[in-house]
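Just follow the structure's listing: the first ligand is 1, and inside any ligand the first atom is 1. One is the number of the first residue; the rest follow in order along the sequence.
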Amino acid sequence: MLDAVAVTRALGAAGCVAADEEAVELIRRAHDDDELERMLARRLTGEPLAWVTGGVSFCGLDVIVEPGVYVPRWQSEPLALMAARLLPPAGVGVDLCTGAGAIAMVMQSAHPDARIVATEIDSVAASCARLNGLVVYEGHLDEPLPAELESQVDVITGVLPYVPNDALHFLPRDVQRFEAPRALDGGEGGVELISAVVRTGPRWSKRGGWLLLEVGGEQVIGVTAMLAASGYRDVDVLEDEDGDPRGICGRLDR
Ligand SMILES: C[S@@+](CC[C@H](N)C(=O)[O-])C[C@H]1O[C@@H](n2cnc3c(N)ncnc32)[C@H](O)[C@@H]1O
């Protein structure tokens, strides 16, 4: 029979940096000893903890994350919280490339009367986001959004794939092994999808509406210029607790 010490030891020996916390989580989620053994065995292969346990906590919300679906990162929490702050109580929010839907969930949870919708190209992720209670349109970026949302959106969020194509091989080994390249690959310079969204944002944003995007530090200057060229003003950089740039936002001025 496995106890907390044995689970922690096994995880630590496999190189888990947060073995204590992961052990608690596995034990909390397992219904019996057999299930705990199976879950531990999967985690020891490097499979993401959220896929093994079935979910992750994001901004205090329980998000279902099915195997194969991008695991929402804690680093995206400040962007989600800012989006929720900027959204009027009965406003309209759109989360592009929603994955499991964590960011949209934060907006909806903060504003139950708001209309929140999401897009996602991967059908497994889209189903997962629906399990999390969201309205999801399947397709490329903003293309599947209903036309009635044109010029109506208060806040658009996007944690899009933004890893430069030629840097994918620098990602941690388990990320490369388990997570879908389509969830990560931002093309040349990492900004191919971001630039498309900045170009089409004004179609959906109402005047004064916000666009918030997660970006890498080396993308800030380029994306700032793109936002300005598309009519977004008050452009600001979102920094994480270490002062590193994590995102960018702007407000449509026309
Ligand atoms: C980096 S993940 C982020 C997911 C989610 N926003 C989050 O923060 O947890 C990017 C997501 O975009 C989806 N995706 C990739 N290309 C897309 C496209 N062209 N249109 C819509 N979704 C796309 C992927 O399937 C993946 O779920």
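- What sits closest to atom 25 (O) of ligand 1 on the protein, heavy atoms only, is Glu120 OE2, 2.5 Å.
- A donor-acceptor pair is defined here as one N or O able to donate and one able to accept, closer than 3.5 Å; no such pair exists between the side chain of Gln219 and the backbone of Val215.
- For ligand 1, the polar-atom distance check against Tyr70 finds no nitrogen or oxygen pair separated by under 3.5 Å.
- Counting heavy atoms only, Ile121 comes closest to atom 23 (C) of ligand 1 of the residues Leu184, Ile121, Asp122.
- Residue contact check for ligand 1: Gly139 places a non-hydrogen atom closer than 4.0 Å to it.
- Applying the 4.0 Å criterion to heavy atoms of Pro72 picks out, from ligand 1, the atoms 9 (O).
- At a threshold of 4.0 Å, the pair Arg73-Glu214 does not count as salt-bridged, since none of the basic side-chain nitrogens sits closer than that to a carboxylate oxygen.
- A salt bridge links Arg29 and Glu25; the closest N-O separation between the charged side-chain nitrogens and carboxylate oxygens is under 4.0 Å.
- The CD1 atom of Ile156 lies 8.5 Å from the CG atom of Leu213; values are rounded to the nearest 0.5 Å.
- Atom NE2 of His169 is surrounded by more than 12 heavy atoms from other residues, nucleotides or ligands within 6.0 Å.
- The closest approach between a heavy atom of Pro161 and any atom of ligand 1 is below 4.0 Å.
- If you check each of Cys97, Gly187, Gly99 against atom 6 (N) of ligand 1, the one with the closest non-hydrogen atom is Cys97.
- By the criterion of a heavy-atom distance under 4.0 Å, neither the backbone nor the side chain of Val71 is placed next to ligand 1.
- Counting protein heavy atoms only, atom 20 (N) of ligand 1 is closest to Leu141 N, 2.8 Å.
- Looking at residues two or more places apart in sequence or on another chain, you find no salt bridge (Lys or Arg N to Asp or Glu O under 4.0 Å) involving Arg38.
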Let me check something: any side-chain donor-acceptor pairs from residues 54-68 under 3.5 Å, sequence neighbours excluded? List them with distances.
none

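- Checking only distances, Leu193 never comes within under 3.5 Å of ligand 1, N or O to N or O.
- Regarding atom 5 (C) of ligand 1, its nearest protein heavy-atom neighbour is Thr98 O, 3.2 Å.
- Ligand 1 places these atoms under 4.0 Å from at least one heavy atom of Ala183: 1 (C), 2 (S), 10 (C), 24 (C), 26 (C).
- Considering only non-hydrogen protein atoms, atom 3 (C) of ligand 1 sits nearest to Val159 O, 3.1 Å.
- For the ligand labelled ligand 1, residue Thr119 lies outside the 4.0 Å heavy-atom shell.
- Glu22 pairs in a side chain to side chain contact (heavy atoms under 4.5 Å, CB included) with only one of the listed residues (Thr8, Leu11, Val7, Thr53), which is Leu11.
- When the shell of 6.0 Å around CZ of Arg203 is examined, it contains more than 12 heavy atoms from other residues, nucleotides or ligands.
- For Glu218, the CD atom sits in a packed shell: over 12 heavy atoms of surrounding residues, nucleotides or ligands are nearer than 6.0 Å.
- Residue, atom and distance of the protein heavy atom nearest to atom 15 (C) of ligand 1 are Arg182 O, 3.3 Å.
- The protein heavy atom nearest to atom 19 (N) of ligand 1 is His140 ND1, 2.9 Å.
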